[in-house]
2 protein chains.
Amino acid sequence: MPESVLPPIRVLVVEDEPLAAEAHAVYVGRLAGFELVGTAGTGQDAFRRVAAAASAGVPIDLVLMDMNLPDSHGLDVSRRIRAAGLATDIIAITAVRDLENVRGAIAAGVVQYLIKPFTYSTFAAKLTSYRHFRRELNEQASVVTQSAVDHAFASLRAPADISRPKGLADSTLNAVVAYLQAQAAPVSASELMKPLGLSRVTARRYLEYLADLGLVLRAPRYGTPGRPENEYSWTNAR
Amino acid sequence: MPESVLPPIRVLVVEDEPLAAEAHAVYVGRLAGFELVGTAGTGQDAFRRVAAAASAGVPIDLVLMDMNLPDSHGLDVSRRIRAAGLATDIIAITAVRDLENVRGAIAAGVVQYLIKPFTYSTFAAKLTSYRHFRRELNEQASVVTQSAVDHAFASLRAPADISRPKGLADSTLNAVVAYLQAQAAPVSASELMKPLGLSRVTARRYLEYLADLGLVLRAPRYGTPGRPENEYSWTNAR
DNA sequence: CACGGTTGCGGTCATATTGTTCACGAGCCG
DNA sequence: CGGCTCGTGAACAATATGACCGCAACCGTG
């Protein structure tokens, strides 16, 4: 079953302060799987861009929305987007951190809430977890089970485990990546253990990590007796 | 922290089928910390009730929204509530489980997505996790931290218990469903084994499962020698 | 027209092989 | 020397496969 490479997630940065806007834009550009489609400085402009993109057939997938805009509040813009029925997800970015705003953000269908100031790693964690969510939904042809839906919703939450190789050693990781890149055909965990001298458990752990990161594709291999074996292949995309 | 100080979460059940509405109402009543404020049978009625309660100063906290309503779609009602800026959370309840609806639900700020039919324990798990979320937010003073917000979001979408029958793998199930949906003509178990690389036994097991769920139709195929072969076709129900 | 033979799928079971988890040990750093 | 990190091996759970038998409809003969 051919698994297509995912198109990048199209992002619009909404932020009135030029310096911050620039910073966010740079951050987005640094992340794999995201494509910056522009920045907007006002609520008006933001809504227009989102609506225009949707009707032009190249919808904006994600908006990084500052709450404090010169002409309106970010929540109002979010509500307008909702009211128009646009299928755009929104991550709120704000220095305001009172309860009412958080509640309001959730009620406006905001997917994540980032409090300024934040570090790049926090930012990256949020967006990565969003990418995770997108990928999981895309892997489903059609959502069939409650567990699949639960999984998708759960990956919208903020895990701190992104890009933090916990329990993984850099040297081993490098070896695995190098071997995968050299190999044209997909590789299974058992096939990895011999050439690299790793145990099955360890090999699988690294492959699984890379798959979660979206760097390798994972697909079950049928046809042999026994539980199906997952095979992993390096994605040359990007 | 004493739980009794919290006011109950006020719930509105939106469901046009009287039997289901009654069942949901009973379920809500059985859960501690929730208070049923009524049921609505149409989208119009639902919106009116939510708006009226908000302006009367006794806002509805949570709506259990059926997606299939006689006068409009649940997502449209959700968008209207959003557009009005009402701080009400929504849990979607639906038998429809395609990708588009799930995406749309998230974009409409839906907090959880329950697939009908569900057991009481699934229902209870979803509402309990929502109650957790409410409590966490209420425990905060007016100023919140990033980690507190993260925590709240996480428990908002915490996965509940699941009940995919054992012996079936999600990835295989997805592959089968995807193939069935892509195929216009009915498919037999043997015909499924080649394109997906599955054995006949496995293919049949998944097809049989989907048939039991009512997602595919099963019919014997006559005219060929040998025992008649069952053919399965995706039901485009809805 | 009746009736046994042929055919090829339906259903079940044992088997194979991996995924997962857990406790433990080896190396490293302070 | 103590604590932390990472890999290993073993035990257990999960899940597809192959083989086997029986069945239900076609297909011949009488």
Side-chain angles (χ1 to χ4, degrees), chain A residues 1 139 144-145 147-148 151 160-161 163-179 185-213 216-233, chain B residues 159 161-179 185-213 216-233:
Chain A
M1 180 154 178
E139 274 177 7
V144 174
T145 59
S147 68
H151 222 95
D161 57 29
S163 72
R164 202 170 27 142
K166 173 144 189 178
L168 304 181
D170 275 351
S171 58
T172 312
L173 188 58
N174 284 334
V176 171
V177 169
Y179 185 79
V187 173
S188 78
S190 339
E191 288 158 12
L192 193 57
M193 60 184 288
K194 293 149 206 161
L196 291 192
L198 290 171
S199 78
R200 212 186 69 207
V201 177
T202 305
R204 200 192 64 83
R205 209 150 40 101
Y206 282 91
L207 289 171
E208 208 53 38
Y209 169 70
L210 290 171
D212 279 348
L213 235 59
V216 304
L217 288 181
R218 168 182 42 203
R221 176 190 293 171
Y222 300 108
T224 63
R227 180 168 174 161
E229 181 177 17
N230 276 334
E231 59 181 23
Y232 304 81
S233 55
Chain B
D161 85 319
I162 38 89
S163 54
R164 175 173 47 79
K166 278 193 174 179
L168 300 185
D170 259 353
S171 56
T172 309
L173 188 58
N174 279 329
V176 171
V177 170
Y179 187 78
V187 173
S188 77
S190 341
E191 287 159 13
L192 194 56
M193 60 183 292
K194 293 148 209 160
L196 291 191
L198 289 172
S199 77
R200 189 180 54 87
V201 175
T202 303
R204 197 190 65 83
R205 205 150 45 97
Y206 282 90
L207 288 171
E208 210 54 38
Y209 168 69
L210 289 171
D212 282 347
L213 237 59
V216 304
L217 289 179
R218 170 183 41 201
R221 177 190 293 170
Y222 300 105
T224 62
R227 180 171 175 166
E229 186 176 10
N230 279 334
E231 60 181 23
Y232 304 81
S233 56

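Lettering of chains follows the sequences in order, A, B, ..., and the numbering in each one begins at 1.
There is no side-chain donor-acceptor pair under 3.5 Å between B/Glu229 and B/Thr224.
Distances shown here put a side-chain N or O of A/Thr172 below 4.0 Å from the OP1 or OP2 atom of D/dG7. Between A/Tyr206 and D/dC6 there is no side-chain polar atom (N or O) within less than 4.0 angstrom of OP1 or OP2. Taking side-chain N and O atoms only, B/Thr224 has no distance below 4.0 Å to OP1 or OP2 of D/dA25.
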Inset, instruction - For A/Tyr222 and B/Thr172, run side chain to side chain donor-acceptor pair (under 3.5 Å): C-alpha distance rounded to whole Å, both residues' side-chain angles, the deciding distance at 0.1 Å, then the answer. - result: CA-CA 10 Å; A/Tyr222 300 108; B/Thr172 309; 2.5 Å; yes

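Whole-Å rounding puts the B/Asn174 CG to D/dT15 P distance at 13 Å. D/dA19 atom P lies 12 Å from atom CZ of B/Arg200, rounded to whole Å. Note: CD (B/Glu229) to C1' (D/dC26) measures 14 Å, nearest angstrom. Atom-to-atom, CE of A/Met193 to C1' of D/dG9 comes out at 10 Å; the value is rounded to the nearest Å. For the pair B/Arg204 CZ and D/dC20 C1', the computed distance is 14 Å after rounding to whole Å. Note: CG (B/Leu173) to C1' (D/dA14) measures 15 Å, nearest angstrom. Nucleotide D/dT17 holds its P atom 13 Å from the CZ atom of A/Arg221, rounded to whole Å. Whole-Å rounding puts the B/Tyr222 OH to D/dC27 P distance at 15 Å.
The backbone N or O of A/Leu173 sits nowhere less than 3.5 Å from a side-chain atom of A/Tyr209 that would complete a donor-acceptor pair.
Bounding nucleotides for the chain A contact on DNA chain C, 5' to 3', at a heavy-atom distance below 4.0 Å, are C/dA16 to C/dT21.
In terms of heavy-atom proximity, B/Leu207 sits nearest to B/Ala189 at CD1-CA, 3.8 Å. Residues A/Leu192 and A/Ala203 come closest through the heavy atom pair CD2-CB, 4.0 Å. Shortest non-hydrogen contact noted between B/Leu198 and B/Met193 is O-CB, 2.8 Å. Across every non-hydrogen atom of A/Arg221 and A/Pro186, the tightest pair is NH2-O, 3.9 Å.
The residue among B/Asn230 and B/Gly226 whose nearest nucleotide of DNA chain C is located toward the 5' end is B/Gly226. Checking B/Val201 against A/Ser190, the closest nucleotide of DNA chain C that is more toward the 5' end is the one next to B/Val201.
Listed nucleotides D/dA13, D/dT8, D/dT17 differ in distance to A/Thr202; the shortest reach to its side chain belongs to D/dT8. Minimum atom distance to the side chain of A/Arg227 is reached by D/dA13, of the listed D/dT8, D/dA13, D/dA19.
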